[in-house]
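Since we're looking at a predicted model, the values are computed, not measured.
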Amino acid sequence: MPSQNVDLIRTLFQSRLATLDHLLKLAQAHFGDDESFLQKRIAADMFPFGTQIAFTCNQPRNFALWCDDKPANNLDPDVTSKAQAYGHIANTKELLLGINTEDAKLSEMTRIYEGQSLYIELSGHAYVNEFLIPNFYFHMVTAYDILRMAGVPIGKRDYMMHLVPLIRKE
């Protein structure tokens with residue numbers, strides 16, 4: 001039986017990771033060889049752009065690992081080079097391609113550990129819809145906002161590029 005829901009989740013993550021890659025390329029074009037933009041942040045108590053890339057990638061990464069019955073394994077949040085940032089995105093997209101599970105996986109219960117013997121227990125559906133996807137978009141939007149604040153000429157079309165192929169003219 002095809003795993004339509006798992007495939008849809010994978011496709012969503014893949015297309016939005018392409019958007020993250022696009023935003024990184026625009027930042028690179030704007031800042032040139034200067035990699036200090038990876039340390040830009042909106043507020044002193046928020047994580048910088050490079051960390052937002054790692055945190056964005058952690059969501060689909062941990063989805064793929066969960067689908068393979070492996071424990072969550074977050075990326076190093078200290079992203080200090082463009083090569084490292086591009087590598088996180090590419091490796092996450094590759095990990096998503098290896099998903100081979102049935103939709104029944106989404107009915108399984110899972111635990112998200114929040115340190116010091118604290119955890120949240122969710123069904124697979126809730127894990128995806130209430131934890132992974134909201135966290136994914138939170139960090140992706142934060143990355144976008146950091147670039148906007150830093151003067152990178154980006155707009156909604158850059159953020160919503162998954163819809164660009166669907167644009168038609170009357």
Going by the angle between their ring planes, with limits at 30° and 60°, are Phe55 and Phe47 parallel, tilted or perpendicular? perpendicular

Distance in Å, Asp76 CG paired with Asn58 CG, rounded so as to fall on 0.5 Å steps: 10.0 Å

Indicate yes or no for a side-chain donor-acceptor contact from Asp78 to the backbone of Thr51 under 3.5 Å, with no hydrogens or angles considered. no

Got a second to check how far Thr101's OG1 is from Asn5's CG, nearest 0.5 Å? 12.0 Å

How far apart are the closest heavy atoms of Asp103 and Gln4, and which atoms are they? OD2-N, 3.0 Å

Minimal non-hydrogen separation, Pro60 against Thr56, with atom names: CD-O, 3.1 Å

From CA spacing to verdict: side chain to side chain contact (heavy atoms under 4.5 Å, CB included), Val6, Leu106: CA-CA 8 Å; Val6 169; Leu106 297 171; 4.1 Å; yes

Audit row: Phe49, Val79, side chain to side chain contact (heavy atoms under 4.5 Å, CB included) steps and yes/no: CA-CA 8 Å; Phe49 178 73; Val79 178; over 6 Å; no

Look at the side-chain heavy atoms of Ile, Leu, Val, Met, Phe, Trp and Tyr, link any pair under 4.5 Å apart, and say whether Leu23 and Leu163 land in one connected group. yes

State, to 0.1 Å, how close Asn129 and Ile133 come at their nearest heavy-atom pair, and which atoms those are. OD1-CD1, 4.1 Å

Backbone of Thr80 reached by a side-chain donor or acceptor of Gln39 within 3.5 Å: no

Does Thr110 reach the main-chain N or O of Gly124 with its side chain, forming a donor-acceptor pair under 3.5 Å? no

Mind listing the closest non-hydrogen atom pair of Lys105 and Cys67 along with its distance? CE-CA, 3.9 Å

Could you tell me which residues satisfy side-chain hydrogen bond (donor to acceptor under 3.5 Å, both in side chains) with Tyr137, sequence neighbours excluded, listed by chain and number? Arg16

Met161 and Val152: same hydrophobic cluster, using ILVMFWY side-chain contacts below 4.5 Å? no

Between Thr92 (side chain only) and Arg61 (backbone N and O only), is there a donor and an acceptor less than 3.5 Å apart? no

Counting heavy atoms not belonging to Asp34, are there more than 12 under 6.0 Å from its CG? yes

Treating Ile, Leu, Val, Met, Phe, Trp and Tyr as nodes and any side-chain heavy-atom pair under 4.5 angstrom as an edge, say whether Leu95 and Leu20 lie in one connected cluster. no

Is there a side chain to side chain contact (heavy atoms under 4.5 Å, CB included) between Leu17 and Leu96 once you walk through the steps? CA-CA 11 Å; Leu17 285 169; Leu96 285 168; 3.7 Å; yes

Do NZ/NE/NH1/NH2 and the carboxylate oxygens of Asp145 and Arg148 come within less than 4.0 Å? no

Tell me whether Leu147 is reachable from Met160 by hopping between hydrophobic residues (I, L, V, M, F, W, Y) whose side-chain heavy atoms are closer than 4.5 Å. yes

Distance check, rounded to the nearest 0.5 Å: Met109 atom CE versus Tyr127 atom OH? 13.0 Å

What is the minimum heavy-atom distance between Arg157 and Ile167, and which atoms define it? NH2-CD1, 3.7 Å

Between CE of Met140 and OG1 of Thr19, what distance do you get to the nearest 0.5 Å? 4.5 Å

Joint hydrophobic cluster, Phe13 plus Ile112, side-chain heavy atoms closer than 4.5 Å: yes

Which of parallel (below 30°), tilted (30 to 60°) and perpendicular (above 60°) describes Phe63 and Trp66? tilted

pair Ile53-Tyr86: side-chain heavy atoms closer than 4.5 Å: no

Using modelled atom types and a 3.5 Å cut-off, is there a donor and acceptor pairing between side-chain atoms of Glu35 and backbone atoms of Lys82? yes

Return the CD1 to CD1 distance between Ile146 and Ile42, rounded to the nearest 0.5 Å. 5.0 Å

Within 6.0 angstrom of Glu94 CD, more than 12 heavy atoms from elsewhere: no

Separation between CD of Gln52 and NE2 of His139, rounded to the nearest 0.5 Å: 6.0 Å

Quick one: do Leu26 and His22 satisfy side chain to side chain contact (heavy atoms under 4.5 Å, CB included)? Show the steps, please. CA-CA 6 Å; Leu26 293 173; His22 171 74; 3.3 Å; yes

Heavy atoms only: give me the nearest Ala54-Pro77 pair and the separation to one decimal. CB-CA, 4.0 Å

